[in-house]
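Some notes on the structure that comes next.
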Amino acid sequence: MSKYRAPFLFGLVAVAILGTGFLQSWNSALLIVNMGLVSAVMALGVNLQWGFAGLFNVGVVGFLALGGLATVLTSMPPVAEAWSAGGLRILAGLALGAATLTLAVITFKHMQKSRTRTAALLVILVGGFFLFRFVFDGGVAAVEAVNPAATGYLGGLGLPVLLAWPMGGVLAAGAAWLIGKTALGLRSDYLAIATLGIAEIIIAVMKNEDWLARGVKNVIGLPRPVPYEVDLQSDPAFVASAANLGIDPVTASTLYVKLGYMALFTVVLLILFWMAQRALHSPWGRMMRAIRDNEVAANAMGKDVTARHLQVFILGSAVCGIAGAMMTTLDGQLTPGSYQPLRYTFLIWVMVIVGGSGNNLGSILGGMLIWFLWVQVEPMGHFLLGLITAGMADGSALKSHLLDSAAHMRLLTMGLILLLVLRFSPRGLIPEE
Amino acid sequence: MDFLNAVVALSNYVVVPAMAYGSQLALGALGVTLIYGILRFSNFAHGDTMAFGTMAVVMVTWAFQAMGVSIAPLPTALLALPFGIAICAALVLGTDRLVYRFYRAQKAKPVILVIVSMGVMFVLNGLVRFIIGVDDQRFGDGARLILSARDFKKMTGLDEGLVIKTSQGLTVLTAVIVVAWLYWFLTHTRSGKSMRAYSDNEDLALLSGINPERVVMITWIIVAALATIAGTLYGLDKSFKPFTYFQLLLPIFAAAIVGGLGSPLGAIAGGFVIAFSEVTVTYAWKKVLVYLLPEGLEPTGLVQLLSTDYKFAVSFVILLIVLLFRPTGLFAGKSV
Amino acid sequence: ESHANDVKLGVILGFTGPIESLTPSMAASAEMAMKEVSDSGKLLDGKTVTPVRADSTCVDAAAATSAAERLITSEGVKGIMGADCSGVTGAILASVAMPNGVVMISPSATSPALSDVEDAGMFFRTSPSDARQGQVLADLLIEKGLNSVAVTYTNNDYGKGLADSFSSAYTAAGGTVTGTAAHEDGKADYSAEVGALASAGGDALVVAGYVDQGGPGIIRASLDSGAFDTFVLPDGMIGAALEDTFGSDIDGSIGTVPGTESAGASKILEMATAAGFNGEGPYVGESYDAAALMLLAMQAAGSVESADYAGKIMGVANAPGEKIYPGELAKALEIIADGGEVDYVGATAVEFIGGGESAGSYKEILVEGGKLTTVAYR
Amino acid sequence: MIRVENLHKHFGGFHAVDGASLTIEPGSITGLIGPNGAGKTTLFNVIAGVLKPTSGRVTMGDLDITGLPPHALFHKGLLRTFQIAHEFASMSCRENLMMVPGGQAGEVLWNTWFGRKRIADEERALRAKADEVLEFLTISHLAEQKAGQISGGQKKLLELGRTMMVDAKIVFLDEVGAGVNRTLLNTIGDAIIRLNKERGYTFVVIEHDMDFIGRLCDPVICMAEGKVLAQGTLDEIKANEQVIEAYLGTGLKNKEMLA
Amino acid sequence: MSGSNNAPFLIGEHMTGGYGKSGPDILHDCTIAVDPGEIAVIVGPNGAGKSTAMKAVFGMLDLRKGMVRLDGEDITRLSPQERVAKGMGFVPQTSNIFTSMTVEENLEMGAFIRRDDFSDTMAQVYDLFPILKDKRRQPAGELSGGQRQQVAVGRALMTQPKVLMLDEPTAGVSPIVMDELFDRIIEVARTGLPVLMVEQNARQALEIADKAYVLVQGANAHTGTGKDLLADENVRKSFLGG
Ligand SMILES: Nc1ncnc2c1ncn2[C@@H]1O[C@H](COP(=O)(O)OP(=O)(O)OP(=O)(O)O)[C@@H](O)[C@H]1O
Ligand SMILES: Nc1ncnc2c1ncn2[C@@H]1O[C@H](COP(=O)(O)OP(=O)(O)OP(=O)(O)O)[C@@H](O)[C@H]1O
Ligand SMILES: CC(C)C[C@H](N)C(=O)O
Ligand SMILES: [Mg+2]
Ligand SMILES: [Mg+2]
């Protein structure tokens with residue numbers, strides 16, 4: 001592989017984005033860059049798990065969602081009414097639930113295997129479950145009754161939204177720890193489906209527990225780390241400097257905001273990239289590759305495979321959590337219904353594989369490129385269809401049928417591009433060295 | 001009497017639908033499991049292959065219906081099935097030729113193939129919608145019910161009805177036949193054994209004189225047949241809509257994995273585990289308890305362990321528990 | 001340049017994804033309004049209107065905002081007819097439309113939460129909030145003597161919001177909700193939901209879903225197992241597909257859908273049929289109205305810039321003025337150009353209240369002999 | 001050093017190790033022979049923690065090590081090679097060796113970001129050590145080659161090389177000789193003796209090549225059907241009727257056809 | 001040499017080639033051949049290219065130069081599976097069994113191209129390796145190293161090939177089985193079947209070899225009868241362990 005390959009490919013993406021800027025608009029271009037950067041962070045997280053350690057995590061969407069949840073929990077103002085209506089009762093309920101589980105685990109560990117143990121476990125679990133439901137359900141009902149159209153949830157801590165990013169990482173890491181403790185013993189595709197299922201569970205909770213973050217009713221209007229365009233537009237100083245540059249204030253304000261996000265995202269990406277890169281090219285990375293290659297042998301050579309797996313699973317998930325928080329911040333809203341595995345889990349996987357798994361640069365490239373395509377295949381699809389149908393007689397049934405189906409060109413085009421890329425570089429665009 | 005009513009209610013709302021759904025999942029899972037077992041990757045395009053095969057069946061069915069051909073009381077679609085299978089087989093063989101073969105020759109890692117199959121999925125997805133559109137299509141005809149609620153009530157004098165649809169009966173029957181055949185084929189025929197040999201050790205299969213391209217071809221043809229059958233039966237029971245077939249992918253994979261990837265028997269078991277766990281854990285026992293408990297003690301609530309919002313989550317929890325105790329599924333599948 | 005005389009309007013709907021089968025007619029309807037205006041040659045100085053479509057996907061906020069961004073900043077659309085689903089609508093509004101100061105009229109985002117969302121005066125919707133529909137539906141049921149029902153709703157902001165508002169209105173009016181179960185759209189099987197609902201029992205089943213999504217699946221499974229045979233069908237469930245799928249199997253079921261007696265409703269149907277698309281689908285009329293309102297407001301403001309015409313939308317939509325029905329856009333443009341006032345009625349009897357959303361009148365639908373028939377208006 | 005007491009390992013109904021008891025004296029080079037399927041590798045796997053025993057006890061010195069995981073045993077100085085080579089296929093041969101030593105500072109994530117200097121020094125030492133081992137095994141030219149792309153015998157050498165990267169207390173060698181050129185095997189034999197003499201490593205060697213066993217091992221333990229059949233010096237073992245019948249045999253029958 | 005009618009039955013001639021499209025040459029003008037009734041043995045240091053040479057003869061490697069002929073026919077361009085059909089049987093050095101299939105199925109796969117009744121061949125294999133008979137319903141992946149090796153050889157014998165190629169068939173098998181195996185190989189060879197094998201157990205192997213090659217760095221270093229090479233002091237010291 002030539003050493004010019006990576007710079008060349010990044011150049012290509014840059015050209016594509018600049019092209020968007022010149023041909024479409026700079027706002028579009030910047031938006032693509034921003035989500036591209038977030039996608040790159042996600043891809044970095046997945047690459048950490050798959051590329052470094054061979055962990056097949058298809059629960060990416062769950063960790064992204066947790067990051068999103070962290071944004072609400074950190075940055076939204078608390079809903080005082082809801083707290084007084086039943087906040088403490090909910091917390092008490094959750095504590096009861098946790099206590100039940102802990103008790104059950106302790107019983108399981110400390111009693112001999114016997115009928116009595118089974119019976120005791122059953123009593124603890126069933127009794128605990130009903131107690132939990134009783135306390136918890138009451139609290140939930142009270143909280144959700146508080147102005148359901150606008151709130152109906154507990155709200156967050158009201159902290160600056162940037163804090164939500166590390167919080168997202170922490171939340172995702174916590175979940176990853178729990179999951180890892182139970183599921184990491186599984187091999188490849190079995191781990192995959194387990195993580196897939198857990199992600200579904202996380203999303204199901206977020207969709208249905210309205211007291212937490214309004215469920216499918218969505219939380220909109222999240223605080224932003226950058227100024228609002230409308231404020232900028234009414235700020236005379238800003239308008240003046242925009243005029244100096246010869247840009248109209250609306251465009252200037254939208255660009256300004258996007259550039260702000262871009263700067264923040266770039267900083268995060270660079271830090272994470274640096275960390276990942278250092279880790280990969282170190283004895284730690286070597287150890288991880290050894291584990292990926294052959295767990296039995298690595299274990300015999302003194303490497304604690306389970307612990308390392310857990311470590312890298314937590315790290316990768318945390319990165320995904322951070323990315324999820326960044327994305328929700330960029331969107332300005334949390335919409336649990338939109339966390340679809342196709343869009344978030346599998347698209348991220350496409351990014352990692354197309355970029356070249358095991359290669360951090362590849363992940364970043366994959367993230368930027370695939371996101372660019374995901375957005376731009378739509379116009380491309382229309383264009384392609386235009387070409388195909390150009391020769392057909394106007395008003396022919398086939399032509400109108402095809403034009404009606406133009407929207408489906410999006411997935412089709414995406415599929416074709418994916419197949420072409422993988423055809424010409426089957427190990428990804430920037431393969432692992 | 002009340003006891004019987006309770007049993008019937010339970011059968012009607014839990015057992016019968018779960019059996020049918022389980023068989024539908026099982027048929028889908030068989031295809032997934034076969035590709036995993038022989039060609040060693042998780043085929044994400046399977047849902048859309050099912051959609052494609054079903055689409056072919058739907059169109060042929062329409063043609064038959066237009067010509068007035070029918071095999072009532074059975075649905076005409078059964079007559080169209082062989083044609084659909086042929087068309088679907090042509091498609092998957094074409095895809096293999098154009099796409100997968102290249103990666104086989106490269107000895108690409110399974111994950112690459114997974115992603116490639118996602119590319120194929122996108123393309124098929126678009127293709128199906130181009131051809132037949134996005135709407136619901138109904139193509140079932142013939143007798144809809146084997147046993148209707150009214151007949152059942154008349155026959156037994158019970159308050160509760162039991163309904164069995166033709167499509168449900170067909171699905172369960174087909175699933176049983178297909179899995180039995182497949183099991184026999186893989187373990188007792190030369191072709192079947194050569195397929196397993198190929199999946200085990202490709203190079204050595206070559207050295208034994210097994211023609212890999214032939215193995216691959218047979219696999220794809222069987223997969224096409226399975227996908228078309230599964231898709232058609234599902235479509236007959238519910239309806240044909242491309243988007244749903246994509247959604248079907250997830251429970252299908254869950255079924256294949258719970259059962260043990262690569263194992264046909266596992267696919268069946270997995271299908272039922274998933275289906276029954278979805279339906280039973282979130283079942284509201286009120287209706288049954290009303291029959292069983294003495295008057296006055298009837299529950300006021302729904303007596304539901306968990307709300308149906310969590311049905312999918314529940315089936316995944318069960319899946320997890322199964323995997324924790326049997327890490328490669330119920331029927332000891334493989335892992336690549 | 002040649003483009004100076006052309007106004008571009010965005011049509012952002014979920015052409016792919018979970019409501020992909022509803023959107024083609026909606027888009028066609030909106031585009032029909034635009035064509036009508038273009039053909040009339042009476043918009044401002046004879047400007048033409050070009051629709052630009054983009055895919056909202058209904059669920060993917062990021063893709064939807066990118067698409068909207070492209071439309072506004074690179075295609076230069078002067079207004080957006082869309083989006084469809086409440087979730088993506090909120091996203092586009094907050095991160096694209098509002099910052100860029102572009103007007104957005106959604107034909108179908110009905111979530112109550114959008115009523116008091118911050119919109120800088122840029123957001124309108126031609127459909128009523130579901131808070132209203134819930135009330136209408138509850139009253140209707142009590143009137144019909146259906147005093148206990150089970151409820152299932154599609155698990156999104158629309159379904160949940162509607163189910164909530166219905167349930168509280170219904171209970172307040174003396175009805176009993178025996179049980180509630182959400183259903184996810186596009187899922188493979190609904191036996192579990194139907195099993196739970198059957199256990200709950202009731203005179204009828206309220207299905208707050210989409211006619212092209214999980215809704216029919218629920219109905220099918222309920223009919224098949226004999227759990228329910230009467231259904232209550234809010235707006236998302238009313239569509240021709242229902243007749244095709246169930247015929248007279250669901251005779252006696254009742255429903256509501258935004259709509260009025262006005263000649264507008266039948267007019268749009270005619271026009272749609274003539275143009276070759278299904279005019280009965282949900283939100284087809286609303287889509288036409290959304291596009292029409294935007295164009296009429298431009299005429300009233302004498303400018304195609306959102307900042308100028310946003311303030312005029314309420315004016316053209318509401319009285320006083322001459323009533324305008326579908327197909328009469330040319331007339332309306334003329335009246336406005338002559339300094340007169342119009343009260344746009346359109347296909348759905350648009351009447352804007354408070355935060356720029358439709359007040360909401362509803363048709364009462366009854367399924368009779370396998371046909372959806374309108375029996376009353378409320 | 002290692003005591004195995006009445007160890008059982010059952011696979012379903014099959015008793016692969018069926019009540020084996022043996023002692024490995026510190027400082028010895030113990031040979032372990034026995035027919036194919038006698039349970040030698042299974043015994044190794046149980047001692048090394050890869051398999052959990054069905055019953056029985058394994059102690060190392062005073063320490064009960066029954067059921068400890070392999071990585072824990074590694075850090076107690078117990079190393080092993082695999083009969084079927086377990087190389088890290090996508091890593092270079094040098095890396096295959098460099099990854100072995102435990103407790104590398106560079107294996108702690110924190111250090112990879114903020115302890116570069118330490119890692120660099122450490123790596124230099126590791127690299128030198130690895131090159132020395134490669135040199136010894138006559139495969140220096142393969143240092144940069146991916147371990148998945150070397151010959152079968154070379155993989156076996158690499159297996160052995162890994163045990164030479166650290167100071168082990170006891171090393172289990174499972175047929176390092178199979179597939180290794182005999183001339184080289186002699187050199188390896190010398191090395192084993194040297195490690196044993198100079199550094200006091202204890203070795204347990206499974207091997208089917210009697211010459212090799214003879215040159216190195218005392219005592220020799222012969223297993224059959226999961227049990228210890230005989231124990232003693234090689235000459236004693238060779239004279240044992242049962243061993244001859246089960247394992248050694250009496251040579252080629254078809255010699256006459258060679259003419 | 002080429003074209004003459006007393007050419008060997010199977011010959012890989014002047015073979016030059018390596019792995020992949022662009023990998024370095026591993027074989028350098030290497031020639032190996034075997035005739036009916038003959039046992040030819042290849043010995044040499046690890047990494048010399050012995051396995052590579054075998055693979056080249058079997059068509060699992062693209063040759064850059066040289067050719068392979070079987071019974072006078074040029075088979076250089078044939079795929080491995082076509083060579084199997086021509087009657088060549090091969091036991092590779094590594095991954096030479098189907099681990100997930102039972103022992104018996106492994107043997108059946110060996111007879112895959114045979115259309116006749118192969119139950120007596122199977123009985124012979126079981127005779128030769130009695131342990132396999134006990135384990136015939138067990139997945140081969142659960143066998144011990146030496147047992148696997150026996151399955152591998154058994155599989156090749158099932159083919160009833162016209163020429164048998166074995167890459168280190170005795171690695172890991174116990175002395176008694178090794179003797180049996182060599183016996184069997186001699187028997188087989190004496191029925192007229194050419195046997196080409198790689199061995200590290202060089203002294204035993206050379207004793208029974210009619211022809212022997214020493215490969216060093218992909219090239220022929222010494223060639224002769226087994227006895228010749230055994231007698232050659234140099235060869236013994238450098239390659240046979242003294
Ligand atoms: N996972 C398993 N399941 C069932 N049987 C097994 C399993 N592993 C090993 N065995 C059986 O246990 C017996 C002992 O195997 P082991 O590998 O310990 O033999 P060995 O003494 O090392 O032989 P060799 O000299 O051939 O390497 C064999 O008969 C083998 O078939
Ligand atoms: N798959 C491969 N890709 C690239 N190079 C390889 C591959 N396999 C082997 N080699 C290289 O080819 C050379 C010859 O290997 P080969 O396996 O033929 O040796 P051999 O003589 O059989 O050795 P041994 O006695 O150890 O089995 C070695 O240097 C090895 O590094
Ligand atoms: C298209 C519609 C049915 C959308 C729905 N009313 C919503 O708000 O999501
Ligand atoms: Mg062994
Ligand atoms: Mg070799």
Side-chain angles (χ1 to χ4, degrees), chain B residues 9 12-14 16-18 20-21 24-25 28 125 129 133-136 138 144-145 148-150 153 160-163 165 168 234 237-239 241-248 250-252 275 278-290 301-304 307-309 311-312 314, chain C residues 14-25 150 152-153 155 160 178-201 211-227 229 239-242 244-247 249 278 281:
Chain B
N12 195 32
Y13 293 112
V14 175
V16 171
Y21 181 41
Q24 284 155 2
L25 290 184
N125 203 302
R129 287 164 201 217
V134 295
D135 300 332
D136 253 315
R138 303 246 302 140
R144 237 168 54 72
L145 299 178
S148 78
R150 199 167 304 136
K153 287 183 193 166
E160 285 294 325
L162 181 64
V163 184
K165 291 195 283 176
Q168 291 175 329
Y234 177 84
D237 189 39
K238 311 228 150 90
S239 71
K241 187 182 169 83
F243 186 70
T244 332
Y245 280 73
F246 166 70
Q247 293 273 331
L248 210 49
L250 217 59
I252 282 181
E278 273 193 24
V279 180
T280 43
V281 180
T282 57
Y283 184 64
W285 293 90
K286 179 177 175 187
K287 192 163 195 147
V288 172
L289 289 181
V290 167
L302 285 178
V303 203
Q304 200 179 7
S307 86
T308 49
D309 301 343
K311 71 167 185 181
F312 212 48
V314 166
Chain C
F15 295 106
T16 62
I19 62 159
E20 58 192 12
S21 62
L22 295 186
T23 45
S25 319
T152 178
Y153 60 87
N155 202 13
K160 175 110 194 183
T178 55
T180 309
H183 63 265
E184 298 287 339
D185 278 329
K187 278 279 150 24
D189 183 81
Y190 294 111
S191 315
E193 286 80 0
V194 170
L197 292 166
S199 208
V211 64
D212 280 305
Q213 284 296 328
I218 294 267
I219 295 185
R220 161 83 37 223
S222 304
L223 285 173
D224 286 346
S225 61
D229 45 21
L242 208 63
D244 301 344
T245 321
F246 298 109
D249 289 355
N278 172 16

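Heavy atoms only: backbone and side chains are in, while hydrogens, waters and symmetry mates are out. Predicted, not measured: the structure shown is a model, and the values here were computed from it. Quick note on labels: first sequence line is chain A, next is B, and so on, each numbered from 1.
- Residues B/T282 and C/A196 approach most closely at O-CB, 4.2 Å, considering heavy atoms.
- In terms of heavy-atom proximity, B/V163 sits nearest to C/D224 at CG1-O, 2.9 Å.
- Residues satisfying the side chain to side chain donor-acceptor pair (under 3.5 Å) test with B/T280, not counting sequence neighbours, are none.
- The minimum heavy-atom distance linking B/L248 with C/A188 is given by the pair CD1-CB, 2.8 Å.
- Residue C/T245 touches chain B through both its backbone and its side chain, counting heavy-atom pairs closer than 4.5 Å.
- Minimum interatomic distance between B/Y283 and C/G195 (heavy atoms only, all atoms of both residues): CE1-O, 3.7 Å.
- In this structure, the portions of C/A227 lying under 4.5 Å from any heavy atom of chain B include both its backbone and its side chain.
- Your options are B/V14, B/T244, B/V281, and the one with the most heavy-atom pairs under 4.5 Å with chain C is B/T244.
- Pairs passing the side chain to side chain donor-acceptor pair (under 3.5 Å) check and including a residue from residues 188-199 of chain C, sequence neighbours excluded, read B/K238-C/D189, B/K311-C/E193, C/D189-C/S191.
- When heavy atoms are compared at a cutoff of 4.5 Å, B/R150 does not approach chain C at all.
- The distance from the OG1 atom of B/T308 to the CD atom of C/E184 is 9.5 Å, given to the nearest 0.5 Å.
- If you measure heavy-atom distances from B/Y245 to chain C, you find no contacts under 4.5 Å at all.
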